[in-house]
Amino acid sequence: MENSVLKHQIRSYIIQSQEEEIKRISMELHEGVGQNLYSIYTGLQLVESGLGEHHLKNYLHEMTQLIEKTIIEIRLLSVELHPPALTTLGLMPAIKSYLKLYTSTFGVLVDLESTGVEKHLPEQSSVAVFRVCQEALTNIAKHADTSNVKMTFSWDEEELKISIIDFGGGFATDEIEMNRVSLGIAAMKERMLLTGGNCVISSKIGGGTSVEISLPI
């Protein structure tokens with residue numbers, strides 16, 4: 001029994017430590033690298049406005065466009081690593097923000113529905129739920145071969161239930177091999193167990209895949 005509790009505490013500590021490191025990297029990207037690039041970008045714009053030679057002006061314009069594209073990509077990566085809305089606004093705003101990024105990146109439309117009144121969740125629980133949803137959506141984009149997903153949040157006084165259903169090709173759950181997908185599924189289940197919740201994944205070939213998440217409030 002003591003060994004089981006110790007293992008649980010160790011796993012929880014490892015995940016929490018990883019999240020803190022991810023948060024730090026996200027902040028460094030946004031406030032460090034991103035800000036430096038923005039300073040270079042505005043400087044190049046100023047130089048471009050003062051150039052007289054046409055070919056140099058065109059070249060500098062291409063460089064400013066490239067830096068602008070890089071700034072946007074860094075901002076998107078920063079949000080994907082650790083969405084600021086998760087700690088400042090709560091789970092649902094963070095999910096909505098991520099879905100915009102998700103659809104623009106993968107072209108997969110997500111029909112999001114929320115019933116009941118959203119409750120405040122501890123940060124550890126919010127992060128766990130967000131990561132599980134993120135993993136499920138990433139798997140759908142990469143493996144499900146579908147352009148539509150149905151995502152439902154159901155809030156009541158004692159429990160949050162989340163359903164993520166795709167309409168893709170599905171897979172045989174009893175035949176899945178040890179690879180990145182299977183490890184991702186195991187991590188999803190482990191994250192929810194560590195927060196006292198549960199994650200059930202069901203799928204069949206030709207019938208799509210559903211991810212059912214539950215978390216006591």
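If you take NZ on Lys96 and NZ on Lys100, they are separated by 9.0 Å, rounding to the nearest 0.5 Å. Between atom CD of residue Glu158 and atom OG of residue Ser214 there is a gap of 13.0 Å, rounded to the nearest 0.5 Å. Atom OG of residue Ser210 and atom NZ of residue Lys204 lie 10.5 Å apart, to the nearest 0.5 angstrom. Atom CD1 of Ile162 sits about 10.0 Å away from atom CD of Glu212, to the nearest 0.5 Å. Rounding to the nearest 0.5 Å places CG of Leu193 at 6.0 Å from CD of Glu190. The SG atom of Cys133 sits 11.5 Å away from atom CZ of Arg131, with the distance rounded to the nearest 0.5 Å.
Taking a 6.0 Å sphere around NZ of Lys150, one finds it holds more than 12 heavy atoms contributed by other residues, nucleotides or ligands. Summarising the local packing, NZ of Lys119 is surrounded by more than 12 heavy atoms from other residues, nucleotides or ligands at distances under 6.0 Å. By the neighbour-count criterion of 12 heavy atoms within 6.0 Å, atom CG of Asp145 is sparsely surrounded, having that number or fewer from other residues, nucleotides or ligands.
Using a 4.5 Å heavy-atom cutoff, the side chains of Met188 and Ile213 are not in contact. Val149 places a side-chain heavy atom less than 4.5 Å from the side chain of Val108. Between Asn139 and Glu135, some side-chain heavy-atom pair lies under the 4.5 Å cut-off. For the pair Leu215 and Leu121, the minimum side-chain heavy-atom distance is below 4.5 Å. Within the 4.5 Å cutoff, the side chain of Ile201 has heavy atoms near those of the Thr209 side chain. Under the 4.5 Å side-chain criterion, counting only non-hydrogen atoms from C-beta, Asn198 is not in contact with Met192.
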Begin with the C-alpha distance, continue with both residues' side-chain angles, and end with the deciding distance and a verdict on side-chain contact (heavy atoms from CB on, under 4.5 Å) for Leu160 and Leu91. CA-CA 11 Å; Leu160 166 63; Leu91 180 61; 4.1 Å; yes
Give the intermediate values and the outcome of side-chain contact (heavy atoms from CB on, under 4.5 Å) for residues Val110 and Ile140.
CA-CA 11 Å; Val110 182; Ile140 289 170; over 6 Å; no
Practice item. Check the pair Thr146, Phe167 against side-chain contact (heavy atoms from CB on, under 4.5 Å), reporting the backbone distance first and the verdict last. Key: CA-CA 6 Å; Thr146 184; Phe167 306 95; 4.2 Å; yes
| said: For Val129 and Thr195: C-alpha separation, side-chain torsions, deciding distance, then whether side-chain contact (heavy atoms from CB on, under 4.5 Å) applies. | reply: CA-CA 9 Å; Val129 170; Thr195 57; over 6 Å; no
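Ile95 is not connected to Ile165 by any chain of hydrophobic side-chain contacts under 4.5 Å among Ile, Leu, Val, Met, Phe, Trp and Tyr, and they are in different clusters. The same ILVMFWY cluster, assembled from side-chain heavy atoms under 4.5 Å apart, contains both Ile217 and Leu86. A continuous path of hydrophobic side-chain contacts links Leu112 to Phe130 [ILVMFWY only; heavy atoms under 4.5 Å].
Closest non-hydrogen pair, Ser203 versus Gly208, comes out as OG-O, 3.1 Å.
A tilted orientation is assigned to the rings of Tyr102 and Phe106, their planes being inclined by 30° to 60°.
Judged purely by distance below 3.5 Å, without hydrogens or angles, the side chains of Ser163 and Thr152 never pair a donor atom with an acceptor atom.
Judged by distance alone, the side chain of Ser97 and the main-chain N or O of Pro93 form no donor-acceptor pair under 3.5 Å.
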